[in-house]
Amino acid sequence: MHELSIVMSIVETAEQKVREHHAQTVESIDLVIGDLSGVDRHALDFAWEAGVKDTVLQAAKRTIIQVPAKAKCLECDCEFQIKELFDVCPLCGEPLLQIIQGKELQIKSMVLN
Amino acid sequence: MCATCGCDSESKISIHKVEPIANVNWNEVQFTKPVEIPIPVGGKEIKVEQNILWKNKALAQDNRTFFLANNIVALNLVSSPGSGKTSLLERTLQDLKSDLDFFVIEGDQQTSNDADRIAATQVPVIQINTGKGCHLDAQMIREAVRQLNPSENSVLFIENIGNLVCPAMFDLGEQKRVVIISVTEGDDKPLKYPDMFASSQLCIINKIDLLPYVNFNLEQVKSYARQVNRKMEFIELSCTTGVGLTEWYEWLKKINAEHTLVRV
Ligand SMILES: Nc1nc2c(ncn2[C@@H]2O[C@H](COP(=O)(O)OP(=O)(O)OP(=O)(O)O)[C@@H](O)[C@H]2O)c(=O)[nH]1
Ligand SMILES: [Mg+2]
Ligand SMILES: [Zn+2]
Ligand SMILES: [Zn+2]
Ligand SMILES: [Zn+2]
């Protein structure tokens with residue numbers, strides 16, 4: 001359950017931004033989470049509930065922008081969506097892929113109040 | 001500095017809000033320093049665009065710089081519970097401690113059992129107990145390193161919490177990550193826990209003395225691991241019988257020598 005650590009990091013950043021901008025709370029927060037980021041959505045929801053209690057994020061509306069995973073085949077250069085790190089190229093069957101999208105784990109923006 | 005929010009008010013305008021007071025007896029009012037309150041930002045959108053784990057990444061980078069500057073080879077040992085991390089360390093320390101300087105950081109949720117086992121080999125060790133935490137992070141390593149104070153030109157082993165999931169996401173600042181899998185765990189682990197195998201450089205296959213008793217295909221596990229990490233190196237060994245340990249010791253000495261070269 002590293003998701004709790006992830007929520008605690010988000011809380012830390014949110015509290016810092018609230019302080020910096022002389023705000024009181026966070027009204028909403030947008031997160032970008034790639035399908036291969038290693039974050040489990042159910043575990044995140046569970047950790048979120050526990051982690052944001054009595055913090056500036058307690059009442060924040062959370063939006064998750066999910067990023068599908070994409071890779072490029074190192075053999076034939078084609079780009080395609082993947083589900084797992086070990087998927088193979090659908091054209092030539094090569095397992096040598098470069099992940100070009102889907103590892104994101106980012107706080108995109110917040111609305112402060 | 002602003003008393004309300006602790007901000008650095010030099011660069012910003014501060015507004016002093018005065019609360020309306022009813023029926024004031026001005027003789028009784030004590031004038032204190034006005035309270036500074038922030039400018040309300042009512043629904044202000046701010047861009048953050050910051051990696052959620054930026055702090056761990058930054059601290060890991062600090063650790064890595066420290067290790068490089070002191071020519072310390074830091075290795076992060078990860079595996080499921082019971083794959084043989086501590087057993088491998090015990091053997092290694094006993095066999096190599098006259099050739100190399102070792103230091104050990106032990107991570108477990110509870111107990112100092114593993115640190116006690118290491119201490120029995122006369123190698124300096126420190127135990128981190130994470131309580132409910134299921135992985136070590138860069139901050140814990142920084143603190144442990146401060147207390148352990150490893151010497152220059154040494155090898156620092158970090159035994160992570162037995163868990164093939166969470167420790168994959170937390171860079172500790174190590175030079176190499178070593179994943180250990182034992183033959184009783186099943187050969188499909190690299191596909192079930194791809195992040196851990198993708199982020200490691202060496203895969204140790206332990207307990208090969210038990211191969212005759214379990215359904216575990218060495219070639220299969222390697223081929224699965226290569227699917228997630230085509231650069232993965234493998235060493236098969238048994239901590240119990242000692243077979244394969246020489247290959248591991250050679251790997252260690254090679255990594256250690258590479259780092260000594262980098263220094264020059
Ligand atoms: N048969 C056999 N047993 C082994 C071998 N290596 C370790 N073991 C046994 O496996 C068990 C677990 O070993 P540990 O070294 O404590 O494993 P660990 O990975 O440190 O465990 P945690 O720290 O609890 O995650 C012990 O009973 C060891 O004696 C091996 O090569 N062969
Ligand atoms: Mg152990
Ligand atoms: Zn986890
Ligand atoms: Zn964890
Ligand atoms: Zn291809």
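Because the structure is a prediction, the values reported are computed rather than measured. Naming: A, B, ... by sequence-line order, numbering from 1 per chain. For the numbers below, each heavy atom of this structure counts, side chains included, while hydrogens, waters and symmetry mates do not.
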Novice: The test is side chain to side chain contact (heavy atoms under 4.5 Å, CB included); show your working for V111(A) and K44(B) and say whether it passes.
Specialist: CA-CA 5 Å; V111(A) 175; K44(B) 180 186 180 187; 6.0 Å; no
Novice: Please look at L74(A) and chain B and tell me whether the side chain, the backbone, both or neither of the residue comes under 4.5 angstrom of a heavy atom of that chain.
Specialist: side chain
Novice: For the CD1 atom of I10(A) and the CD1 atom of I52(B), what is their distance to the nearest 0.5 Å?
Specialist: 4.0 Å
Novice: Atom OG1 in T13(A), atom NZ in K55(B): separation rounded to 0.5 Å?
Specialist: 9.0 Å
Novice: Does any heavy atom of chain B fall under 4.5 Å from the side chain of Q16(A), the backbone, both, or neither of them?
Specialist: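 When you check distances to chain B, only side chain atoms of Q16(A) fall under 4.5 Å.
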Novice: Which residues in residues 195-205 of chain B have a heavy atom less than 4.5 Å from any heavy atom of chain A?
Specialist: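 Listed by number: D195(B), A198(B).
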Novice: Is the shortest side-chain heavy-atom distance between S5(A) and F170(B) below 4.5 Å?
Specialist: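 Yes; the side chains approach each other to less than 4.5 Å.
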Novice: Can you say whether S28(A) sits under 4.5 Å from chain B via the side chain, the backbone, both, or neither, judging by heavy atoms?
Specialist: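 Neither part; nothing is under 4.5 Å.
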Novice: Take a 6.0 Å sphere around NZ of K47(B) and say whether it holds more than 12 heavy atoms from other residues, nucleotides or ligands.
Specialist: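 Not buried by this count: 12 neighbours or fewer within 6.0 Å.
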Novice: Which of residues 221-234 of chain B get closer than 4.5 angstrom to chain A, counting heavy atoms alone?
Specialist: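 When heavy atoms of chain A are the reference, residues 221-234 of chain B contributes Q227(B), V228(B), R230(B) within the under-4.5 Å range.
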Novice: Can K108(A) and E49(B) be counted as an ion pair, charged N to O under 4.0 angstrom?
Specialist: no
Novice: Who among L53(B), D137(B), L191(B) has the most heavy-atom pairs with chain A under 4.5 Å?
Specialist: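 So the answer, after comparing L53(B), D137(B), L191(B), is L191(B).
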Novice: For the OG atom of S109(A) and the CD1 atom of I46(B), what is their distance to the nearest 0.5 Å?
Specialist: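 These two atoms lie 8.5 Å from each other.
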Novice: At what distance, to the nearest 0.5 angstrom, does CD of Q106(A) lie from CH2 of W54(B)?
Specialist: 14.0 Å
Novice: Counting C-beta onward and ignoring hydrogens, is there a side-chain heavy-atom pair between M110(A) and E45(B) closer than 4.5 Å?
Specialist: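 Sidechains of E45(B) and M110(A): no contact.
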Novice: Do E104(A) and N51(B) touch side chain to side chain, with heavy atoms closer than 4.5 Å?
Specialist: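 Answer no - side chains too far apart.
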Novice: Just wondering, do I6(A) and M169(B) contact through their side chains at under 4.5 Å, heavy atoms?
Specialist: yes
